[in-house]
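This report concerns only the one structure given below.
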Protein chains: 2
Amino acid sequence: MSNNRNNNPEQLAVMFKALSNPNRIRLFLRLVRCCRGGRRARTPQQACACVGELGESLNIAPSTVSHHMKELHHAGLVHMQRRGQNVDCWVDPKPLKQLARFLNKAATS
Amino acid sequence: MSNNRNNNPEQLAVMFKALSNPNRIRLFLRLVRCCRGGRRARTPQQACACVGELGESLNIAPSTVSHHMKELHHAGLVHMQRRGQNVDCWVDPKPLKQLARFLNKAATS
DNA sequence: TCTATAATTCGATATATGTCGAATAATCGC
DNA sequence: GCGATTATTCGACATATATCGAATTATAGA
């Protein structure tokens, strides 16, 4: 009721598109696993210094990883912020919950 | 726990991709509104005789609508079955709930 | 200031996608 | 069987996407 404006097809499509690629899902899952509750982790262990690290173990070129992260960022699903030489990434739970609500509604309507 | 195999990136990407286009979302929302609980509606009013009908009001060519419905179908999100000259479409709630679970988990991990 | 590390941007390229209209197929009523 | 209706398939085409490697930018440390 209050979030009808969020259910416009264009917005939804952008977010779903961000998750529509296997490699992007893998990167996203990495982030999910290393972040917590929508906040950047405080210890280096939990923080996500993304590109080189993730790209290496997933066999994707750094430039491609950067591109994918930008997609996730532009869709609003993850945040990015430079910290020294690295760029920290972390997941924003809000749009994810919104999508989950949308799907649950669709499933039970 | 029991549905770990369903969370593989390839599968997820296919389903998200099916929802990654505005027109496909619109068609999907139509289906959601005219169907109930994962079962085909019994009365003609509730059943979805899709292509011509939906295409007209959304300004999409019938062939394009057919293509989009096929995408949704191949992703497993909607069922299709011929009934006379029409092809009934209805939403399958299971994969939707699965996606919703995935997103909620990601949002609260 | 020079060097090393991390990330992004920039072309390039192959493949995928969305879309249309025309042609084809499936089905119904007569 | 014939004509009407509904849906799908078939080319065609323009645009978008995923990917790479090379060049560039940002930053930290010596």
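These values consider heavy atoms only, across backbone and side chains, with no hydrogens, waters or symmetry-generated copies. Numbered from 1 within each chain, the chains take letters A, B, ... in sequence-line order.
The heavy-atom pair separating Val78(B) from His73(B) by the smallest distance is O-ND1, 3.0 Å. Residues Pro22(A) and Pro9(B) share a closest heavy-atom pair of O-CB, 3.8 Å. Counting all heavy atoms, side chain and backbone alike, Ile25(B) lies closest to Ala13(A) at CD1-N, 4.1 Å. Between Leu77(B) and Ala18(B), the closest heavy-atom pair is CD1-CB, 4.0 Å.
Taking 4.0 angstrom as the limit, His68(B) places none of its side-chain polar atoms (N or O) nearer than this to OP1 or OP2 of dT17(C). OP1 or OP2 of dA7(C) has at least one side-chain nitrogen or oxygen of Asn86(A) nearer than 4.0 Å. Within the structure, every side-chain polar atom (N or O) of Arg24(A) is placed at least 4.0 Å from both OP1 and OP2 of dT17(D).
Taking atom CD1 of Ile60(A) as the reference point, atom P of dA7(C) lies 14 Å away to the nearest angstrom. Remark: P of dT19(D) and CG of Leu27(A) are 9 Å apart, rounded to the nearest angstrom. Rounding to whole angstrom units, CG of residue Asn59(A) and P of dT19(D) are separated by 12 Å. When the P atom of dT8(C) is taken as reference, atom CG of Leu72(A) falls 12 Å away, rounded to whole Å. For the pair Gln81(B) CD and dT8(D) P, the computed distance is 13 Å after rounding to whole Å. To the nearest angstrom, C1' of dG18(C) lies 16 Å from CE of Met69(B). The CG atom of Asn21(A) sits 10 Å away from the P atom of dT17(C) (whole-angstrom rounding). Rounding to whole angstrom units, CG of residue Asp88(A) and P of dA6(C) are separated by 14 Å.
Donor-acceptor pairing under 3.5 Å is recorded for the side chains of Asn23(A) and Arg26(A).
Two residues are said to be in side-chain contact when any heavy atoms from C-beta on lie closer than 4.5 Å; Leu29(B) and Phe102(A) meet this criterion. In this structure the side chain of Leu99(B) reaches within 4.5 angstrom of the side chain of Phe16(B), judged on heavy atoms.
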Mind listing the N/O atom pairs, protein and nucleotides 22-29 of chain D, below 3.5 Å?
from	atom 1	to	atom 2	distance (Å)
dT27(D)	O2	Gln85(A)	NE2	3.2

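Interatomic distance, Met15(A) CE to Ser20(A) OG, rounded to the nearest 0.5 Å: 13.5 Å.
Checking side-chain atoms of Arg24(B) against main-chain N and O of Lys17(B) turns up a donor-acceptor pair under 3.5 Å.
Side chain of Ala61(A), nearest nucleotide from dA18(D), dC20(C), dC20(D): dC20(D). Checking dC20(C), dC20(D), dT6(D) against the side-chain heavy atoms of Thr64(B) singles out dC20(C) as nearest. Of the candidates dG18(C), dT19(D), dA7(C), dT19(D) carries the atom nearest the Asn23(A) side chain, counting heavy atoms from C-beta on. Here the side chain of Lys17(B) is nearest to one of dT8(D), dA16(C), dC20(D), namely dA16(C).
Helix-axis bend for the helix from dT1(C)-dA30(D) to dC30(C)-dG1(D): the local axis fitted to the five terminal pairs at one end deviates from that at the other end by 30°, rounded to 10°.
Following chains of ILVMFWY side-chain contacts shorter than 4.5 Å, one can reach Leu58(A) starting from Leu19(A), so the two form part of one hydrophobic cluster.
Each of His67(A) and Lys70(B) has a nearest nucleotide on DNA chain D; the 5'-most of these lies closest to Lys70(B).
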